[in-house]
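Below: one structure, written as structure tokens.
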Protein chains: 2
Amino acid sequence: MIDYRSVSLANQVFSVIEKNIINEVYAPGEILSESRLSKELGVSRTPIREALGRLEAEKLIASSANGSVVLGITTQDVEDMFMVKRALEPEAFRRAARSMSEGALEKLKSNLEKQEFYAVKKDSEQLKNLDTEFHDLIYEGSGSMILFSILSPNHHKLLKFRKASLEMSDRIEHSYSEHVAIYHALAERNEDLAAALITEHVNNAYENINENIKREEK
Amino acid sequence: MIDYRSVSLANQVFSVIEKNIINEVYAPGEILSESRLSKELGVSRTPIREALGRLEAEKLIASSANGSVVLGITTQDVEDMFMVKRALEPEAFRRAARSMSEGALEKLKSNLEKQEFYAVKKDSEQLKNLDTEFHDLIYEGSGSMILFSILSPNHHKLLKFRKASLEMSDRIEHSYSEHVAIYHALAERNEDLAAALITEHVNNAYENINENIKREEK
DNA sequence: TCCTGTATTGTTGTATACAAGTATACCCCT
DNA sequence: AGGGGTATACTTGTATACAACAATACAGGA
């Protein structure tokens, strides 16, 4: 096995299992045994265990004596994650406006160019990943480890819902233009505007996602 | 080695290293190698690695190719953690007031009795642990996995500062009486009162801790 | 003396071996 | 046929072995 330190098997395994839980490939209630995952993913139990440990810390699974039971993400969890976003993202964006480096702003800009490209093509798969990167850059740019460590996994776990939302409406264009407006507010170091825009962005995303969830539940 | 599943070596190792980082036994910037920790704690690298993985997720350390560098907790982090508390704890306590089980309320009550006992003895070490349990019970009682997974580690990481605060003033009595008031609000299902009281509790704790930090920095 | 190349030591990442416990299925006995 | 006990297979937790890579110290030559 080649030794790609930066993308260790444990990290890859974490991403795969996380994605499978979020997308309910592993359904809530299902029990994941280490040996099963080991066979399934073709790696030994060691990286599996490390990934499961982190997933447990994020409350996506719960370990017991005879396996890890999948907890998954409930609609209540989605509500709660948006509550967290509403409560903390304005402050994070304020700080990013104040202290984000020019380099990070450059990365944001380049990210936006890609967003524009894929928005035209309506490629929600790519847009979903770019959205994750966009937000992570800003969380990191806030300079607060605490905010980053809370908001980044929070945003991550909403991935499936964000993608579904982008697929089902004209949210692609709106989302993109909101991102552009946020970028300009950050670049101009206008923290009041940045806070106001992200609040609106979160509210819009919430409404959109909520509609999708209600539609699905019918 | 006896097989106490519920308190696995990995969990114990996590607690020890976490405590050592919080109390700056391992100073920020210091590099922790797995083999060193393995010798130091008398266990193999396997549980060490699992603990380090979780510590990295909590941003207490950062792993690189040649070891894990200790990040520690800065005074800015303390500010940020209180910001998170102010933003999210009122909502958590509201929900706890609404949905906490009678059993959990019983546990809170018994915890308070112990708090009273140790408050009289001014045993800040025990009080610190009881305070952790008290808050964890309420976070869990909120019924929100999301809030619990954010607020519990957040409160944990403030441990050192909470203890220092309890040692340096008459905060012991005030903290205890605030806890009692919160318990009664929860038991009476008065969510408005619970939210108001925790807000005040957080503000008081913040002022107290902040004074200590300023005093130390001189 | 300084620089360069090599060897040693230390690091992480991964796989595997082993111990201990548990649930389950199956067989035997009543 | 039904119930109980045993054996088996599967689970996690831990330790160790091995591979790949990195840094460093040291020795030798220019």
Side-chain angles (χ1 to χ4, degrees), chain A residues 1-21 25-72 149, chain B residues 1-21 25-72 149:
Chain A
M1 182 72 59
I2 301 167
D3 193 3
Y4 294 114
R5 295 300 172 94
S6 53
V7 281
S8 67
L9 286 184
N11 284 328
Q12 293 178 53
V13 166
F14 173 82
S15 296
V16 169
I17 301 179
E18 183 194 30
K19 186 180 291 185
N20 283 345
I21 293 177
V25 176
Y26 301 144
E30 190 171 343
I31 284 181
L32 305 175
S33 88
E34 294 171 8
S35 44
R36 170 195 156 182
L37 292 169
S38 176
K39 282 176 209 156
E40 209 167 297
L41 304 178
V43 299
S44 79
R45 278 178 55 215
T46 308
I48 300 280
R49 282 184 66 81
E50 296 185 7
L52 289 180
R54 289 170 53 195
L55 289 165
E56 188 183 9
E58 286 198 8
K59 302 289 179 195
L60 282 173
I61 62 174
S63 298
S64 68
N66 62 331
S68 297
V69 54
V70 176
L71 298 178
S149 70
Chain B
M1 182 71 58
I2 302 165
D3 191 3
Y4 291 114
R5 297 301 173 93
S6 53
V7 280
S8 67
L9 285 186
N11 285 328
Q12 293 178 54
V13 166
F14 173 82
S15 296
V16 170
I17 301 179
E18 183 193 31
K19 187 181 290 183
N20 284 344
I21 293 177
V25 176
Y26 302 145
E30 191 172 340
I31 284 182
L32 305 175
S33 88
E34 292 171 6
S35 44
R36 170 194 157 183
L37 292 169
S38 176
K39 283 175 205 156
E40 209 168 295
L41 303 178
V43 300
S44 79
R45 279 178 56 213
T46 308
I48 299 281
R49 282 182 66 80
E50 296 186 5
L52 290 180
R54 286 171 54 195
L55 289 165
E56 188 184 7
E58 286 199 6
K59 302 290 177 193
L60 283 174
I61 62 174
S63 298
S64 69
N66 61 333
S68 297
V69 55
V70 177
L71 298 179
S149 69

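Per chain, numbering begins at 1; letters A, B, ... match sequence-line order. Computed from heavy atoms alone, side chains included, the values below leave out hydrogens, waters and symmetry copies.
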Roughly how many Å is it from [atom1] in [X] to [atom2] in [N], rounded to a whole number?
X: B:Leu41; N: D:dG13; atom1: CG; atom2: P; value: 19 Å
X: B:Asn11; N: D:dT12; atom1: CG; atom2: P; value: 15 Å
X: B:Glu50; N: C:dG13; atom1: CD; atom2: P; value: 13 Å
X: B:Leu9; N: D:dT16; atom1: CG; atom2: P; value: 12 Å
X: A:Phe14; N: C:dG13; atom1: CZ; atom2: P; value: 16 Å
X: A:Arg45; N: D:dG13; atom1: CZ; atom2: C1'; value: 8 Å
X: A:Ile48; N: D:dG13; atom1: CD1; atom2: C1'; value: 16 Å
X: B:Glu30; N: C:dT11; atom1: CD; atom2: P; value: 13 Å

(request) Among the candidates D:dT14, C:dA15, D:dT11, find the nucleotide nearest to the side-chain atoms of A:Ser35. (result)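 Among D:dT14, C:dA15, D:dT11, the one nearest the side chain of A:Ser35 is D:dT11.
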(request) Tell me which nucleotide among D:dT12, D:dA15, C:dA15 gets nearest to the side chain of A:Glu34. (result)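 Selected nucleotide (nearest to the side chain): D:dT12.
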(request) Please check the phosphate of D:dT12 (OP1 and OP2 only) for any side-chain N or O of A:Arg49 closer than 4.0 Å. (result)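 No.
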(message) Please confirm whether the shortest side-chain N or O distance from B:Thr46 to OP1 or OP2 of D:dT14 is below 4.0 Å.
(response)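 Checking D:dT14 against B:Thr46, no side-chain N or O comes under 4.0 Å of OP1 or OP2.
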(request) Taking the side chain as every heavy atom from C-beta outward, state whether A:Glu40 and A:Val16 have any atom pair closer than 4.5 Å. (result)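 The answer is no, as the side chains (C-beta and beyond) never meet within the 4.5 Å cut-off.
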(request) Tell me what B:Ser33 touches on the nucleic acid: a base, only sugar-phosphate, or nothing, going by heavy atoms under 4.0 Å. (result)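 Counting heavy atoms under 4.0 Å across all strands, the contact made by B:Ser33 is with sugar-phosphate only.
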(message) Under the criterion salt bridge (charged side-chain N to carboxylate O under 4.0 Å, His left out), I'd like the reasoning laid out for B:Glu30 against B:Arg36: C-alpha separation, chi angles, the key distance, then a yes or no.
(response) CA-CA 12 Å; B:Glu30 191 172 340; B:Arg36 170 194 157 183; 3.1 Å; yes
(message) Donor-acceptor pair, distance only, cut-off 3.5 Å: does the side chain of A:Ser15 make one with the backbone of A:Asn11?
(response)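 Checking the backbone N and O of A:Asn11 against the side chain of A:Ser15, a donor-acceptor pair under 3.5 Å is found.
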(message) Quick check: closest heavy atoms across B:Leu9 and B:Val43, and the distance to 0.1 Å?
(response)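 Result for this residue pair: CD1-CG1, 3.7 Å.
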(message) I need the minimum non-hydrogen distance between A:Ile17 and A:Leu37, along with the two atoms involved.
(response)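 Closest heavy-atom pair between A:Ile17 and A:Leu37: CD1-CD1, 3.9 Å.
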(message) Looking at B:Arg36 and C:dG10, is any side-chain donor or acceptor paired with a base atom of the opposite kind under 3.5 Å?
(response)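 No, no donor-acceptor pair under 3.5 Å.
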